[in-house]
Amino acid sequence: MILARPIELLAPAKDLNCGMEAVRHGADAVYIGAPKFGARKAAGNSIDDIRALCDFAHIYNVRVRVALNTILSDDELPEAERLIRCLYDAGADAVIIQDMGILRLDLPPVPLHASTQTDNCTPEKVRFLHDAGFAQIILARELSLDEMATIAEYTPDATLEAFIHGALCVSYSGRCYLSEALNGRSANRGECAQCCRLPYSLVDADEKSIVENKHLLSLKDLNRADDLEAMMQAGISSFKIEGRLKDVSYVKNITAYYRKRLDGIFAKNPLFYRSSAGHSSFTFEPQPEKSFNRSFTSYFLHGRNAEITSFDTPKSIGEYIGVAKEVKGNSFTIAGFKPVHNGDGLVYFNMKGILDGMRVNRAEANRIFPHKMPDIKPKMQLYRNYDQVFETILERPSAERKIDATVEWGDYPDGFVLTMTDESDARVTIVRPFDKETARKPQNENIRTQLGKLGNTPFEAKEILISTSENFFVPSSLLNEMRRDAVDKLISVRRMRYSRRYAKKSVYDNKAEYPAKSLDYTANVFNRNAEEFYRLHGVETFEKDRETSVIASLRSNPLTINDLDCFVPRNDGNRSNSGKALMYTKHCIRYSMGWCPVHHKTKSPYKEPFFLIHNNNRLRLSFDCNKCLMLVYNS
C-alpha cells in the first residue's frame, strides 16, 4: 500500500549563490559542501556562507544538507566533531557522511544521512543503516525500480533518496580505488582524478587489439525525468540532482526542469506533494539538453541495457541540431530544425572520431560562419553544447519564488490595521495610530496598489481584502511603511515556525545487528572509531588490507602501490587469484561488446583476460557473472 507523503527535489550547490538560485528555481532541499572533508574537495564552503544559505532557504521551508562524506583519519575526527557542531549552530538540517566513525563522536542533535558511498545496495544494508540511526539513506545509482521497491518494503520507515540527474560514477560509489592506484588521489578522500574518463585501449590475453583509444569506462549522464512517478511508487521520497561542481546556469536549468516535472505529477496524483513552501516562476523554458551532458541514460533503472556508455568522448555533447550540408569557403550550411545564434558553441566528431568544436561567429539562417573554419565534411552530425541566447537568459535573474499571502486592511477607532497571512497560516498584524479623516476620492484602488507591492519580498498577494468603516484618506507613505513592517515580521515568524528536525543522541546508541560478521577492505574502515562502531554492531573480523594501508604506503612512496598484495594481482602459480579489485562496476565491457554469456548467450572471439591500457597503466578486467559485476585490477 502506497502512503501519501511529501516529495523533495534535492539540488546541488557549489557555493552560496548556487544554493540560493537552487531555492529560487524550485528546490525543496539543497546540499552543499562543508569547509573540509567533502567528497568534492574543490567545493568547500565557509560556515558563514552555509549560515546565510540556511537563513534564506528556511524562509521557504527548504532544508540545507551539508556534505562531509569522506573517510577520516583518527587525527581528523576531533576537527570533524568541532566542524559538525559549527554546522549545526549555523542552521544545517543534516550532515551527509560516509565514515561510520563519526557516529562515535559527541555530536549535536543534527540528523545524519548515509552517503551513497556507504554502498547502499541491499535491503539488509539499508535496514541496518536506518536502525543504526540514519535519518535518510542515499541509494546506489545502480539499483533498478524493483530493487528500490524491495528495499522500501523491507524498511518501510526509512526515508530513501535516489539520484535522478547528472554525471554517473562508473564504479559503485565508495568502492573505487583506481584514482588512488594511478595518481595517489583517493576518491574516498575527496580527491578523485576521474581516471574513468580517460581514453583506454582494450587488448586480449595475446595482446590482440580489440578497441583503440576509446573512453571505455566513461558513462553517459543520468536523466530519469520520465521515471519520477514510478520512483515515487517504488518508495523514493527524495530526488537528487548531481552537480556540486556545476556552474550556476546548470543548477538553474536542471532544478527548474525537475520542478516543473514534479509539479505536473502532483497536480495529477494527490498521494504525493511537495515538501517546501512557495511556488517558482521562470523567465525561460527549462531544457536539460542545453546544460552539460554526455547524452542521457536512465542507467539500470529498468534493468541492464546497452545505452549507458559514452565511449567516444567524456566531454559535453549538448543537443543535436542537425547535419552539415554544403561546405563552401569559410562557411557551411546545416540541415536541421533548430536555429543557431551568433556566439553558439558547436561540436562534431571529426574524421578521426574525436570530438571537435567551433564557435559561431555569425549565423545567417542556416548558413554558419565559424570564428575559425573547422575541417568539417557534409553529413557530419552537429551538436550545440553552448547556446548563447539561452545562457544569456540564465545570466540574468531567471526565477522568482513566492509564498502566497492574503493581505487584509481595516481600521479601528484610533487608526489602521494591516494583517498578512501566508499559505501556512503564519500571521502578523500591524497596528498604527492615525488621525483619520474622510477622503474626497475613493481610496481602495491606491490601497490595493501599495499593499500589493511585494515584488522583492518572498511573498505574493494572492488576495487583498479591504474592510474599513468609511472611505478614510490613507497616505501612500503609511501604507508602504506598514506593508514593509508586516513583511519583515512575517519573515521572522516563518523563521521561528521553521520545523527543524533533531536527532537524539540515543538514536545512535543501539545494538542493531550488521548483516555480516566480517568486513573486507571496501568497507573503508579508516579509523579506530569506525572499527569500534562495527564491532558494537556485531562485526568480528576486518580484512587487514584496507584503504588505510594503501593510503599510508602511497603517502610515504607512491611507487609502492606495485608492492601491495592487497591491490596487485600476481600470477606466480600459487597465487593466480590473489589481489584486490580497484573498481567494482555494474558497467560491463563484455556486455557492451555483445559478448555477455548471460544476456547475449555469446562467447567472445578474443582470449581472456582483457586489459585496459592508458599510457603506462595496465588494468586487468574480471567478470563476475553471478553478481553481474565487472572488476578492474591493477596489472
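Between the side chain of His215 and the main chain of Thr309, no donor-acceptor pair closer than 3.5 Å is present. Judged by distance alone, the side chain of Asn305 and the main-chain N or O of Tyr299 form a donor-acceptor pair under 3.5 Å. Between the side chain of His537 and the main chain of Ala512, a donor-acceptor pair closer than 3.5 Å is present. Counting only distance, with no hydrogens or angles, the side chain of Ser237 and the backbone of Thr159 share no donor-acceptor pair below 3.5 Å. Judged by distance alone, the side chain of Asp624 and the main-chain N or O of Asn626 form a donor-acceptor pair under 3.5 Å. The backbone N or O of Asn120 sits nowhere less than 3.5 Å from a side-chain atom of Thr118 that would complete a donor-acceptor pair.
Residues that satisfy the ring pair (Phe, Tyr, Trp, His ring centres under 6.0 Å) test with Tyr514, not counting sequence neighbours, are Phe128, Tyr534. Every residue meeting the side chain to side chain contact (heavy atoms under 4.5 Å, CB included) condition with Ala135, not counting sequence neighbours, appears here in chain and number order: Pro111, His113. Listed by chain and residue number, His614 satisfy the ring pair (Phe, Tyr, Trp, His ring centres under 6.0 Å) test with Tyr200 (two or more places apart in sequence, or in another chain). By the ring pair (Phe, Tyr, Trp, His ring centres under 6.0 Å) test, Tyr584 pairs with no residue at all, sequence neighbours left out. Listed by chain and residue number, Tyr250, Asn253, Ile254 satisfy the side chain to side chain contact (heavy atoms under 4.5 Å, CB included) test with Ser291 (two or more places apart in sequence, or in another chain). With sequence neighbours excluded, no residue forms a ring pair (Phe, Tyr, Trp, His ring centres under 6.0 Å) with Tyr273. Residues that satisfy the side chain to side chain donor-acceptor pair (under 3.5 Å) test with Ser218, not counting sequence neighbours, are Arg197. Checked against side chain to side chain contact (heavy atoms under 4.5 Å, CB included), Asn616 has no partners two or more places apart in sequence or in another chain. Contacts of Leu245 classified as side chain to side chain contact (heavy atoms under 4.5 Å, CB included), with partners at least two apart in sequence or in another chain: Arg40, Ala42, Ala43.
Side-chain atoms of Arg401 and Ser276 form a donor-acceptor pair, as typed in the model, at a separation below 3.5 Å. Between the side chains of Arg494 and Tyr498, no donor-acceptor pair is found at a separation under 3.5 Å. Using modelled atom types and a 3.5 Å distance limit, the side chains of Asp48 and Ser46 yield no donor-acceptor pair.
Remark: Arg535 fails to qualify as a cation-pi partner of Phe542 under the 6.0 Å distance and 45° angle criteria applied to the six-membered ring. Cation-pi contact between Arg65 and Tyr31: absent, since separation from the ring centre below 6.0 Å together with deviation from the ring axis within 45° is not met.
Within the structure, every pair that satisfies the salt bridge (Lys or Arg N to Asp or Glu O under 4.0 Å) test and touches residues 96-115, not counting sequence neighbours, is listed here: Arg85-Asp106, Arg104-Glu532. Sequence neighbours left out, not one pair with a member in residues 137-155 passes salt bridge (Lys or Arg N to Asp or Glu O under 4.0 Å).
The shortest distance between side-chain heavy atoms of Asp227 and Ser298 falls below 4.5 Å. When side chains are defined from C-beta on, Ser186 does not count as touching Thr70, because their heavy atoms never get closer than 4.5 Å. Looking at heavy atoms from C-beta onward, Arg63 lies out of side-chain contact with Asp28 at the 4.5 angstrom threshold. Between Ile236 and Leu139 the shortest side-chain heavy-atom distance falls below 4.5 Å.
Minimum heavy-atom separation, His587 to Leu216: NE2-O, 2.9 Å. Here the closest non-hydrogen pair linking Arg294 and Asp221 is NH1-OD1, 2.8 Å. Shortest non-hydrogen contact noted between Ser73 and Asn527 is C-CB, 4.1 Å. Contact detail for Val110 and Ala92: the closest heavy-atom pair is CG2-O, 4.0 Å.
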Review item, side-chain donor-acceptor pairs of residues 17-24, under 3.5 Å, at least two apart:
from: Glu21; atom 1: OE2; to: Arg24; atom 2: NH1; distance (Å): 3.0

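Using a 4.0 Å cut-off between a side-chain N of Lys or Arg and a carboxylate O of Asp or Glu, Glu76 and Lys36 do not qualify as a salt bridge. Taking the charged nitrogens against the carboxylate oxygens, Asp119 and Arg175 do have a contact shorter than 4.0 Å, which makes a salt bridge. Taking the charged nitrogens against the carboxylate oxygens, Asp131 and Arg127 do have a contact shorter than 4.0 Å, which makes a salt bridge.
Here Phe296 and His165 bring their ring centres to under 6.0 angstrom of each other. Aromatic ring centres of Tyr177 and Tyr521 lie closer together than 6.0 Å.
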